[in-house]
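Presented below is the structure to which this report refers.
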Amino acid sequence: MSSDSLVCLKDFEKYAKEHLNRNSWGFFSAGAEGCQTLRDNEEAFRRLRLRPRFLRDVSVRDMSATVLGQRVDMPIGISPTANQGLASPQGEIGTAKAAAQFQTCMICSTYSNFTMEDIMNSSPDGLKWFQLYVRPDRETTAGLVRRAERAGYKALVLTVDLPIVGRRYPDLRHGFSMPPHLRVANLGNADLSQNKKDRNEALDYGMGGPDQSSDIALSWKDIAWLRSICSLPIILKGILTAEDARLAVQHGVDGILVSNHGGRQLDGVPATIEALPEIVQAAGDKLEVYMDGGVRTGTDVLKALALGARAVFIGRPAVWGLCYKGQEGVAKVLSILKEELSLAMALSGVSFSQIPAIVVSPSHSSTRV
Ligand code: FNR
């Protein structure tokens, strides 16, 4: 398939479905249980309408933004997804290079197939945040945090929605297996515990089995612990309610990434674009709010910005691009989204991505945000 025939992100999904084996496609595409939330993440965007304004001189559209004080060329970053080596031999390095090429932010998963240092060294100019799972063994966790800080990651993204891995039927039906050539690279390094248990626990993440690699006892008081061991800003990934957003403010975190883990954890929670407004409101100007989940078009991005997200992140679409042509494929996915956002801004009368358009719900209650 030539690059020209892939014109939207859904085309990349189709390509990946046709080219990945059952093991890898099952891992990347799965949602939890009946997949209501997985479907809803995309469908909820379709339920929102944009109200375009005209005669506003849209000859120059500025898509740049800042996230935690760092400038990015567009408000579209890449969320952490585990085991990108299943999509391409380039794995996370291909994704990181594409993100750097577009001067945007990549969040690297704890469960990458390259080490966080190799990913950073592949594209040192690109803004990168490190996604952290707090493990029961705090020394191992602290080791990961220290390495991220040393390697040049600019923030810690603490994933809070995975005390236990959700039930994903494709993985359970067919059994996920990690090909022997791939490593859980961050946990195999010399300054971390070398025991076999680590590798097996990390593999449980992919298998959808009980996940002892996350600390199920993690609670709000541990934010202070995390603060005490590192100086990086802390972002909580997976917050879905105003109540938790207020707690995040009280605990002094720096950002919230509104997320339901791409519909892979608790099925039946709201689509992230639906959860976003109450979190934006609760957070006020105390911290930055981002979102991921179901972002597939430039108009999706614009809707999220209009509802108060400072930036959006994509999970699966980056993996589909990686599967298509490594770095070049991820770059193509990013360029399509960027072009679509630019077009959506022009057609709705918005010149700056951080000055929102007006979104209307089907009930016609218009909200200026
Ligand atoms: C994820 N996600 C995820 N999140 C995280 O914090 N750490 C991780 O290692 C992973 N791994 C992972 C693997 C796969 C295959 C998927 C699909 C997702 C969740 C991810 O960061 C993000 O929240 C969602 O993917 C966003 O939804 P979309 O863009 O995939 O719809």
Side-chain angles (χ1 to χ4, degrees), residues 9-10 12-13 16 20 23-32 35 37-45 76-87 91-92 95 105-113 116 129-135 144 155-163 165-166 168 170-171 176 178 184-187 202-208 211 213-214 235-240 256-266 269 271-273 275 290-297 300-301 304 309 311-323 330 333-334 337:
L9 270 51
K10 291 302 245 180
F12 286 83
E13 179 177 27
L20 289 172
N23 188 54
S24 303
W25 175 251
F27 175 66
F28 290 130
S29 62
C35 298
T37 298
L38 173 69
R39 283 191 299 273
D40 226 24
N41 272 351
E42 289 189 18
E43 285 168 11
F45 277 111
I76 306 163
I78 298 181
S79 263
T81 51
N83 297 327
Q84 294 183 14
L86 290 169
E92 294 81 9
T95 308
C105 177
M106 173 187 180
I107 310 176
C108 298
S109 168
T110 292
Y111 294 132
S112 51
N113 300 132
M116 61 176 105
W129 294 345
F130 181 72
Q131 177 269 321
L132 180 74
Y133 286 119
V134 170
R135 304 167 62 78
L144 287 168
L156 274 186
V157 178
L158 174 66
T159 298
V160 297
D161 60 8
L162 198 136
V165 176
R168 301 160 195 169
D171 291 344
F176 173 78
M178 185 90 131
V184 184
N186 286 326
L187 300 176
L203 287 180
D204 277 345
Y205 174 78
M207 291 160 67
D211 184 63
S213 56
S214 281
I235 297 161
L236 300 186
K237 175 173 181 283
I239 299 291
L240 284 173
I256 287 177
L257 174 42
V258 179
S259 175
N260 52 34
H261 217 101
R264 289 161 80 80
Q265 283 298 99
L266 179 62
V269 299
T272 43
I273 191 67
Y290 325 104
M291 68 84 67
D292 75 14
V295 175
R296 303 291 180 262
T297 64
D300 293 345
V301 179
V312 306
F313 289 81
I314 52 170
R316 293 179 185 85
V319 171
W320 305 331
L322 196 62
C323 163
V330 181
V333 162
L334 290 173
L337 262 190

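When a ligand or atom number is given, it counts from 1 through the structure's own listing order.
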Fill in the blank from the handout: atom 5 (C) of ligand 1: of F27, Y133, Y111, F28, the nearest heavy atom sits on Y133
Practice task
Give the single entry among G315, P80, G262 that approaches atom 2 (N) of ligand 1 most closely by any heavy atom.
Solution key: P80
Practice task
Please state whether E42 comes within less than 4.0 angstrom of ligand 1, counting heavy atoms only.
Solution key: no
Handout entry: Within-cut-off N or O pair, V295 and ligand 1, under 3.5 Å
Key = no
Problem - Salt-bridge criterion met for R316 and E42 (N-O under 4.0 Å) - result: no
Problem - N or O pair under 3.5 Å between R316 and ligand 1 - result: yes
Practice task
Would you mind finding which of Q265, K237, Q131 brings a heavy atom closest to atom 4 (N) of ligand 1?
Solution key: K237
Exercise for the section: Answer with side chain, backbone, both or neither: which part of R168 has a heavy atom less than 4.0 angstrom from an atom of ligand 1? Expected result: neither
Practice task
Taking atom types as modelled, find out whether T272 and D292 have a side-chain donor-acceptor pair closer than 3.5 angstrom.
Solution key: no
Problem - With I107, the side chain to side chain contact (heavy atoms under 4.5 Å, CB included) member among I78, L257, T159 - result: L257
Handout entry: Row check, F27 ring normal vs R264 NZ/CZ: under 6.0 Å, within 45°
Key = yes
Handout entry: Residue pair I273 / A44: nearest heavy atoms and the distance that separates them
Key = CG2-CB, 3.5 Å
Exercise for the section: Kindly indicate whether the side chain of V295, heavy atoms from C-beta on, has any atom under 4.5 Å from the side chain of L9. Expected result: no
Practice task
Using a strict cut-off of 4.0 Å, indicate which atoms of ligand 1 neighbour a heavy atom of S109.
Solution key: 8 (C), 9 (O)
Problem - N or O contact, A82 vs ligand 1, cut-off under 3.5 Å - result: yes
Fill in the blank from the handout: A student checking ligand 1 against S259 at a 4.0 Å heavy-atom cut-off should list atoms 23 (O)
Exercise for the section: Report yes if some heavy atom in the side chain of L266 is under 4.5 Å from a heavy atom in the side chain of T37; otherwise report no. Expected result: no
Problem - For N113 against L86, the heavy-atom pair lying closest together - result: OD1-N, 4.1 Å
Problem - Test of proximity, R264 against ligand 1: N or O pairs below 3.5 Å - result: no
Handout entry: Numbered atoms and elements of ligand 1 in range of G293, under 4.0 angstrom, heavy atoms
Key = 26 (C), 27 (O), 31 (O)
Practice task
Return a yes/no value for T159: is any of its N or O atoms, backbone included, closer than 3.5 angstrom to an N or O of ligand 1?
Solution key: yes
Problem - Minimum heavy-atom distance T110-Q131, with the two atoms named - result: OG1-O, 2.7 Å
